[in-house]
Protein chains: 2
Amino acid sequence: MAKRHLSLKDLATELNISISTVSRALRNHPDISPEITKKVQDLALAKNYTPNPLAMGLLKQETRMIGVIVPDLVTHFYSSIISGIEEFAKSRGYFILLASSYESIEREIESVSNLLKARVDGMIVCLSKETDRFEHFVRLIENEIPLVFFDRICLDDQVPCVAIDNKDAVEKIIHHFHEGGYQRIAFISGPAHLNISHDRVAGYLSGLKKYGLVFDPVLLRPCNMLIDEAIQITDEWLALPEPPDAIFGINDMVIFAVMQELRTRGIKIPEEIGVIGFADEFHASFSTPQLTSTMHPTREIGIKAAELFFKKMDDPSFSGTVVLQTKLAIRESSVRK
Amino acid sequence: MAKRHLSLKDLATELNISISTVSRALRNHPDISPEITKKVQDLALAKNYTPNPLAMGLLKQETRMIGVIVPDLVTHFYSSIISGIEEFAKSRGYFILLASSYESIEREIESVSNLLKARVDGMIVCLSKETDRFEHFVRLIENEIPLVFFDRICLDDQVPCVAIDNKDAVEKIIHHFHEGGYQRIAFISGPAHLNISHDRVAGYLSGLKKYGLVFDPVLLRPCNMLIDEAIQITDEWLALPEPPDAIFGINDMVIFAVMQELRTRGIKIPEEIGVIGFADEFHASFSTPQLTSTMHPTREIGIKAAELFFKKMDDPSFSGTVVLQTKLAIRESSVRK
DNA sequence: TTCCTCTCCGCAAAGCTTTGCAAGTAGAAA
DNA sequence: TTTCTACTTGCAAAGCTTTGCGGAGAGGAA
């Protein structure tokens, strides 16, 4: 199809000198005379020569590509993080090879394998919601392939991770609800094996305790992050003799589903039930009522993850988790008039 | 850093045969005896050998990577299309190299250049909103590098394109408003040089005519797709002696800004002003009131774009625009009770 | 004049794969 | 026994770049 790209050989032929001289001239090697150097560089510029990354990669044993695996591409949370990673990577001359696990561990494993086949220099990953075993990542570690996790993390004793302060984030939510006079705070959590779930549950328990609220096991429900499930749970709570007066959930999906269900049933937010989500600016601001939510520093997460990635490249023994703080953006859905 | 990947040489050394024999054995070449073939394949499987794409690329003059340039990564519209492209590409054994133009023509040009340096086999692109000159793409065409545009397109006499039926989409909107008794329909369009703008304007004009509505130039405003601008335009319309009774806009951003402004001013949707957007399911369904909107077949756009890409690879002379139909999802924001 | 020392440039290998061609062995035919 | 065919396998080049090392030429010193 495409015409062949220009190579050193082409330049060398045109100038009637050897390939190695051209190569050296382009890198300003002192062995090469100023005249030839100039002639070569001028021609390269005029003809728009760029070195062939395949050849370089073969030689240097690197592709300058980072594999990025996310649960999905369309959720704002992930696309924003990807955007951050991409920006930082680009500044270092690296490209991103994107793969989606579609929240499935099988496809996650497949993605790891595909990226490996593509010879990426390393990977930045957010676990799928199903991921409760990690052999596919252990294999990477054993082969000393740089790896970084973000948000949903594991193996953090060996792998650099970027996470938010999940416990603190939930305590902030409890605090805010408590201040507004809400008493029975319900939490739709995620799959138990995910760090974001149990860290947030920890925050839920410690938060309740801290503010002298009673823990009712009925009001803590794990879920698989599906809309129908969230609606189902909401229904069950509303059927309780003592239903909750506040609900928060583990992500956008879940909490918007709750809001819609409450609205369908004519339950007023925030008067009857206060609602808080983990959502992004755009969604939260344009919903009605505007949604109080924990704001993730998404772009920062991406940039930090990329930063750790390069650190890991330089120092294979590097690990440790960077914890970023969240901010509770208080809007209408949790503030009674 | 990472340990070297396994190569044919490693297998050859281990089996005490030549590299070429290993290569042939893996591809079931008839010249190789069944015993050796089996031995090689077993070892390759056991050791998890995968061919080095850099070497293959160098040899075959292809990278099996497609460069994808979008205005941004975080808008659902684009991420969903990317997801579609990725899926189709993966099924063909291709990877995607992602780049964002951030709606800037300079960064778009830079991205084209970066992807070229990375030696992608071709590109799939959605123009930035600023893009009103196309030399950077003409250069690709001249070098016979496969190129496909989607949504915001140009050079469609030489480049395969995927677009939606913009004119028809807007006519549907006008039709629906008209049926609901709305008379003064206002349209916040986009930059004049984009096809999506002028095609939709064409639909606006033909739609008004078709349904016997008067065209008032004041109610057709181009904008640069910024929130503040949309709010500003809304304000100006509301200050008119005869304000519009229906508004639709060129994308999510714009129309949510309008809704928020109307809400701030206590103007009832859809009773006083009907509103329709070009938005995605998720946003539209969870807003209040639920937003009537033109649904893009985003995933299909992505898949189709990828399909055309491969067609273009096979046949360099191929071009032509595939037009996909939209559907107007009627929800609350445009239906008076 | 002869030898030494710079200066400047080219050869060749390595990194990995595919593939045309040459070469080897074994068996069969003469 | 000799020669030819058929069957297997290996050599080497190409695709592109970097770099150690060897070499050629020029100039100066002895």
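Proteins come first, then strands; the chains are lettered A, B, ... in the order of their sequence lines, and each starts at number 1. What you see is a predicted model; the values in this text were computed from it and never measured. Computation of the quantities below employed the complete heavy-atom set of this structure, encompassing side-chain atoms and omitting hydrogens, waters and symmetry-equivalent molecules.
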Atom pair distance, as rounded to whole Å: [atom1] in [X] and [atom2] in [N]:
| X | N | atom1 | atom2 | value |
| --- | --- | --- | --- | --- |
| B:R64 | C:dT17 | CZ | P | 16 Å |
| A:K60 | D:dC16 | NZ | P | 17 Å |
| B:I17 | D:dT8 | CD1 | C1' | 12 Å |
| B:H29 | C:dT19 | NE2 | P | 8 Å |
| B:E62 | C:dT17 | CD | P | 15 Å |
| A:N28 | C:dC9 | CG | P | 14 Å |
| B:H5 | C:dA14 | NE2 | P | 21 Å |
| A:I19 | C:dA12 | CD1 | C1' | 11 Å |

Do B:R64 and B:R92 have side chains that get closer than 4.5 Å, going by heavy atoms? no
Less than 4.0 angstrom from a charged side-chain N to a carboxylate O is my criterion; do B:R299 and B:E87 meet it? yes
Answer yes or no: is there an ion pair linking A:E307 with A:K304, defined by an N-O contact shorter than 4.0 Å? yes
Nearest-nucleotide check on DNA chain C, A:V22 vs B:S7; residue mapping nearer the 5' end is A:V22
Is there a donor and acceptor pair, one atom on the side chain of [X] and one on the base of [N], closer than 3.5 Å?
| X | N | answer |
| --- | --- | --- |
| B:S20 | D:dC11 | yes |
| A:S33 | C:dC9 | no |
| A:D31 | C:dC9 | yes |
| A:R119 | C:dG15 | no |

5'-most contact on DNA chain D (nearest-nucleotide basis), A:M56 vs B:I36, goes to B:I36
Using heavy-atom distances to pick each residue's nearest nucleotide on DNA chain D, tell me which of B:I32 and B:A55 is more 5'. B:I32
Is there a side-chain contact between [X] and the phosphate of [N], meaning an N or O under 4.0 Å from OP1 or OP2?
| X | N | answer |
| --- | --- | --- |
| B:Y49 | C:dT17 | yes |
| A:S18 | C:dC9 | no |
| A:Q61 | C:dC16 | yes |
| B:R4 | C:dC16 | yes |

From the set D:dT19, D:dT18, C:dT17, return the single nucleotide nearest to any side-chain atom of A:R24. D:dT19
Can any side-chain N or O of [X] pair as donor or acceptor with the backbone N or O of [Y] at less than 3.5 Å?
| X | Y | result |
| --- | --- | --- |
| B:Q61 | A:R4 | no |
| A:D72 | A:T75 | yes |
| B:D315 | B:K312 | no |

Counting the atoms with a prime plus P, OP1 and OP2 as sugar-phosphate, which does B:L54 contact under 4.0 Å by heavy atoms, base, sugar-phosphate, or nothing? nothing
